[in-house]
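Everything below concerns the one structure shown next.
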Amino acid sequence: MLFHPRPLSLQTLLKRGFTPTPKPINRFLLFLFHLHKFDLITHFFSQLKANNAPTNHKTLSLLTWALLKSHRFEEAEQFMYTHREITHSFMWDTLIQGICTKRHDPEKALTFLQRCVRDSGVLPSSLTFCAVVHGLSSKGLMGRAIEVLELMGDDGVNYPFDDFVCSSVISGFCRVGKPELGLGFFKNVTECGGLRPNVVTCTALVGALCKMGKVGEVCGLVQWMEREGLGLDVVLYSAWACGYVEERVLGEVFGRMREMVEKGIGHDFVSYTVLVDGFSKLGDVEKSFTFLAKMIKEGHRPNKVTYSAIMSAYCKKGKVEDAFGVFESMKDLGIELDEYVFVILIDGFGRRGDFDKVFGLFDEMEKSGISPSVVAYNAVMNGLCKHGRTSEADELSRNVAKDVITYSTLLHGYTEEENIPGILHTKRRLEEAGIAMDIVMCNVLIKALFMMGAFEDVYALYKGMAEMDLVPNSVTYCTMIDGYCKVGRIDGALEVFDEFRRTSISSHACYNSIINGLCKNGMAEMAIEALLELSHKGLELDIASTFPSFILKILIKEGRALDAYKLVTGTQDNLPVIYVDYAIVIDALCKGGYLNKALDLCAFVEEKGMSLNIVVYNSILNGLCHEGRLIEAFRLLDSLEKLNLVPSEITYATLIYALCREGFLLDAEHVFRKMVLKGFQPKVQVYNSLLDGISKFGQLEKAFELLNDMGTKYIEPDSLTVSAVINCYCQKGDMQGALEFYYKFKRKEISPDFFGFLYLIRGLCTKGRMEEARGVLREMLQSKHAVELINIVNKEVDTESISDFLATLCEQGRVHEAVTVLNEIARMLFPVQSIVPSSCTSGLNFGSCDDKDVRNITTNNDGHMRRSQLHGFDFYYSRIAALCAKGELQKANQSAKEMLSDLTECMN
DNA sequence: GTAGGGTTAG
């Protein structure tokens with residue numbers, strides 16, 4: 001070695017007779033330069049200076065390059081300034097690009113660039129400008145990036161915007177959430193400069209379109225690329241697929257990826273991560289794991305992004321433990337952790353309220369050398385706010401980084417807690433911090449002001465948005481409409497709604513809000529108008545499916561089943577009518593007696609490829625039975641099998657009730673046997689129905705067979721059972737038998753119902769067994785159930801109740817008259833079907849098989865039908881029944897009072 | 001040039 005590489009050797013060299021002329025010095029420096037010993041050069045240079053050794057331009061130039069190469073940019077710049085004579089513009093290029101890309105300080109690079117152009121009159125290369133644009137855009141510093149672009153456009157510079165610039169700027173605008181500006185920039189460039197974008201710029205454009213929710217427009221761009229012979233690549237396809245992930249159209253995500261592979265373009269780790277993320281976002285974590293496995297199998301190593309997609313999916317499903325498991329695995333696999341990974345978990349545990357875990361993770365993150373950004377703090381604060389601990393979040397926010405989201409979070413927390421002082425001081429802090437309001441903050445503030453009842457302020461804020469450069473979005477409109485509706489200010493809501501519909505925003509939620517508000521405020525007609533408008537707009541969005549239910553329920557409640565029918569059959573295919581909506585309309589049509597319409601609707605629904613379930617068909621079956629269309633009911637039962645529907649207990653029970661009611665006992669028994677064969681155990685109500693049918697024919701033997709059957713199956717008879725059998729005896733004229741049966745069950749503490757008593761008393765009277773009739777009447781008047789029923793008639797009418805009146809008649813031995821009164825009561829309380837059809841069926845749930853519902857059907861339908869056939873009706877009953885049905889109980893009572901006074905008059 | 005985290009309505 002000729003040269004000892006120790007810096008102190010200069011002294012030695014000089015002592016040894018080294019001639020200090022620039023030439024050997026430069027040779028020596030150049031030698032060091034080739035060895036990349038840049039630090040030695042600078043050190044050696046300082047020694048040369050100290051020893052007044054001679055240097056020339058080349059020496060200085062070498063020193064400058066050494067400073068640049070060792071990234072000592074500030075010193076280099078200083079030196080270049082003081083030694084302009086040796087400064088070549090390449091040096092400026094290296095300096096600025098170095099600061100930008102090596103130091104990652106594009107802002108400083110811009111400062112140097114500006115100084116260079118304006119002060120030194122040096123023009124760096126276009127590549128340098130591009131590098132600064134790229135550096136600034138990558139950091140989202142778009143304001144500064146624009147400064148560079150302006151500089152490039154200056155006279156005397158006039159550098160063109162190439163693909164590198166365009167792609168950087170477009171993606172930069174996307175990064176700061178302003179994709180439309182990126183697109184605008186691109187349009188300007190192509191219109192002015194005639195740039196023909198390459199695949200990289202096109203990919204940036206795809207990203208912008210996707211972020212603007214215009215994934216559909218990508219097709220056109222891709223077609224253009226294909227016409228131009230530009231090859232697509234995996235990056236472009238990944239960007240495109242991401243757009244569909246955003247829109248939650250997984251089919252298209254798949255479609256694009258398949259298309260890519262078919263074109264011979266292979267996946268990479270990003271494209272696989274897009275798929276993993278896509279499934280994770282849809283909540284199908286299992287499928288995500290399939291792709292994870294596939295990508296590993298193909299040799300693409302999943303990274304922290306891939307795993308964080310999975311963790312995020314677990315957290316969103318509430319499976320934070322599973323997310324934590326992924327986190328632990330990542331550590332085992334030696335995969336680098338970053339703030340994203342921690343924030344996902346901090347957010348997950350925070351939403352659950354597990355703050356030990358939250359703070360534990362926070363510590364672990366800091367110990368791992370990751371310094372928390374505002375995002376991490378916001379996640380912690382949001383957790384606290386969501387668990388009623390907004391004040392603690394507020395405390396925490398005092399000493400850490402804050403942004404507009406911090407304040408939105410706190411404000412929202414205080415709003416939820418209805419903490420008005422909290423809202424006010426947060427609002428003040430936001431203003432003092434000088435943070436510009438964004439649209440989310442504005443929406444949160446609107447909600448807060450509504451909560452405070454500050455409607456004037458709400459209006460002022462809403463109207464003042466334009467001045468703040470804020471454009472209301474669907475959430476704004478929704479919040480406003482909902483806020484006004486909730487306090488009954490429909491006018492305000494309608495004003496906002498009108499403004500909303502003048503925008504191009506397509507939001508079913510806004511329609512939802514106004515329709516809901518209109519319905520709640522009794523403005524059904526206008527609500528229907530809004531619904532139809534939505535329908536006619538042909539919203540291409542995937543609309544939440546419960547939408548028209550409001551209207552349908554209103555119409556049905558108002559008894560307008562036919563209007564509901566028109567609505568579900570007459571509107572366009574894209575109206576989000578769902579299965580449940582059809583089902584409730586069919587049910588309403590059945591209950592309203594529009595059986596044919598109900599059947600039409602069934603056919604309509606089936607034509608659409610939907611299949612109705614047995615609950616709906618039970619409703620139809622019940623309707624057919626009530627119209628006496630038993631043949632059709634039977635046909636329907638048969639065709640259920642063809643529709644792959646299994647008849648339920650309710651199906652059989654409904655048919656049995658109807659058959660018994662109509663007197664088709666043999667058919668009823670047939671269905672009964674079938675029901676048992678199918679494995680159903682008929683309940684007491686079904687037995688009662690059969691017994692009731694049997695009783696009309698006085699078939700005592702059959703009645704006893706059924707009673708025995710009940711006994712062997714441990715089915716307890718009830719008051720209706722007893723009444724039916726008593727009626728059966730009465731029909732046969734066997735009053736002795738009836739009486740004995742009555743006492744037998746009385747000992748078992750099972751008494752007949754009102755009608756059982758009435759049959760018995762009436763039968764005994766007919767036979768002249770007045771004392772026994774009187775005894776039973778006395779017992780009837782001691783039966784709580786019977787007395788309650790009797791007294792419905794004259795509640796609040798007279799000081800003396802009807803039961804007391806009957807008791808008086810009974811004690812006076814006026815049993816015939818008492819029976820007349822009882823007959824009238826019976827006719828009044830159970831008027832014929834035609835008057836109150838809905839009282840028979842409304843409120844029934846044919847889908848449920850529990851005891852309660854079966855009982856309802858029996859007591860309402862069967863009991864009612866049986867009695868109404870026994871009696872006729874007249875003016876009073878129909879009037880009273882109609883009033884009862886309308887819920888006008890006082891008027892009904894008045895009529896009852898009139899009727900009773902007439903009756904009493906007759907008897908006296 | 002492409003992928004993952006924190007705030008708003010219903």
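Note on naming: letters A, B, ... go to the chains in the order of the sequence lines (proteins, then strands), and numbering restarts at 1 for each one.
- For A/Ser368 (side chain) and A/Ile370 (main-chain N/O), no donor-acceptor pair under 3.5 Å exists by modelled atom type.
- Here A/Lys486 pairs with A/Asp482 under the salt bridge (Lys or Arg N to Asp or Glu O under 4.0 Å) rule; sequence neighbours left out.
- Residue contacts for A/Asn198: at a heavy-atom cut-off of 4.0 Å it reaches no nucleic acid atom on any strand shown.
- Nucleic acid contact class of A/Val444 (heavy atoms, under 4.0 Å, all strands): sugar-phosphate only.
- Side chain of A/Asp268, nearest nucleotide from B/dT2, B/dT7, B/dA3: B/dT2.
- Between A/Asn512 and B/dG10 there is no side-chain N or O to OP1 or OP2 distance below 4.0 Å.
- Taking atom CZ of A/Phe500 as the reference point, atom C1' of B/dA9 lies 12 Å away to the nearest angstrom.
- In the interface, the side chain of A/Asn303 is paired with the base of B/dA3 through a donor and an acceptor atom under 3.5 Å apart.
- For A/Asn516 and B/dG10, the CG to C1' distance is 9 Å, given to the nearest whole Å.
- The phosphate of B/dT7 has neither OP1 nor OP2 within less than 4.0 Å of any side-chain N or O from A/His412.
- Atoms CG (A/Asp482) and C1' (B/dG10) sit 7 Å apart, rounded to a whole Å.
- Side-chain atoms of A/Ser238 and base atoms of B/dT2 include a donor and an acceptor less than 3.5 Å apart.
- No contact: A/Phe342 has no heavy atom under 4.0 Å from any strand.
- Applying the 3.5 Å distance criterion, the base of B/dG4 shares a donor-acceptor pair with the side chain of A/Asp338.
- The nucleotide whose nearest atom lies closest to any side-chain atom of A/Asn443 is, among B/dG10, B/dT8, B/dA9, B/dT8.
- At a cut-off of 3.5 Å, with distance as the only test, no side-chain donor of A/Tyr462 or A/Glu495 sits close to an acceptor on the other residue.
- Closest to the side chain of A/Asp347, out of B/dG10, B/dG1, B/dT7, is B/dT7.
- Ring-plane geometry between A/Phe291 and A/Phe254 is classed as tilted, the angle between the planes lying from 30 to 60 degrees on a 0 to 90 degree scale.
- Looking at heavy-atom distances under 4.0 Å, A/His267 makes no contact with the nucleic acid at all.
- Between A/Tyr272 and A/His300, the ring planes lie tilted relative to each other; the angle falls in the 30° to 60° range.
- With B/dG4, B/dA9, B/dG1 as the candidates, the nucleotide lying closest to the side chain of A/Val235 is B/dG1.
- When only modelled atom types and interatomic distance are considered, A/Asp277 and A/Ser280 share no side-chain donor-acceptor pair under 3.5 Å.
- One interatomic measurement links the two molecules: CG of A/Leu430 to C1' of B/dT7, which rounds to 13 Å at whole-angstrom precision.
- A/Val245 comes within 4.0 angstrom of no nucleic acid atom, judged by non-hydrogen atoms across all strands.
- Set against B/dT2, B/dG10, B/dA3, the side chain of A/Lys486 has B/dG10 as its closest nucleotide.
- Residue contacts shown for A/Ala509 include a base, since a base heavy atom lies under 4.0 Å away.
- When each of A/Phe185, A/Phe186, A/Phe129 is checked for a ring-ring contact (aromatic ring centres under 6.0 Å, His included) with A/Phe161, only A/Phe185 meets the rule.
- Among B/dT7, B/dG4, B/dT8, the nucleotide with an atom closest to any side-chain atom of A/Asp438 is B/dT7.
- Between the side chain of A/Asp233 and the base of B/dG1 there is at least one donor-acceptor pair of N/O atoms closer than 3.5 Å.
- For the OP1/OP2 pair of B/dG4 and a distance below 4.0 Å, the side-chain nitrogens and oxygens of A/Lys316 include no atom meeting the criterion.
- Rounded to an integer number of Å, the gap from CD of A/Glu339 to C1' of B/dG4 is 12 Å.
- A distance-only check finds no donor-acceptor pair linking the side chain of A/Asp347 to the backbone of A/Val343 [under 3.5 Å].
- Residue A/His134 has a polar side-chain atom (N or O) positioned under 4.0 Å from OP1 or OP2 of B/dG1.
- Among the heavy atoms of the strands lying under 4.0 Å from A/Lys211 are primed sugar atoms or P, OP1, OP2 only; no base atom is included.
- Comparing B/dG1, B/dT8, B/dA9 against the side chain of A/Cys478 picks out B/dA9 as the nearest.
- For A/Val305, the listed nucleotide lying nearest its side chain is B/dG4; candidates were B/dT7, B/dG1, B/dG4.
- When rounded to the nearest whole Å, the span between CG of A/Leu275 and P of B/dT2 equals 18 Å.
- Rounded to whole angstrom, the span from the CD1 atom of A/Ile514 across to the P atom of B/dA9 amounts to 18 Å.
- Between A/Ile446 atom CD1 and B/dG10 atom P the separation is 13 Å, expressed in whole Å.
- Contact of A/Ser167 with B/dG1 (side chain to base): no donor-acceptor pair of N or O atoms is detected under 3.5 Å.
- The A/Val341 side chain lies nearest to B/dG4 when the options are B/dG5, B/dG4, B/dG1.
- Here A/Val380 lies out of heavy-atom contact (under 4.0 Å) with every strand.
- Relative to the side chain of A/Tyr340, the nucleotides B/dA9, B/dT2, B/dG4 differ in distance, and B/dG4 lies closest.
- Nucleic acid contact for A/Val276: none, since no nucleic acid atom lies under 4.0 Å from a heavy atom of the residue.
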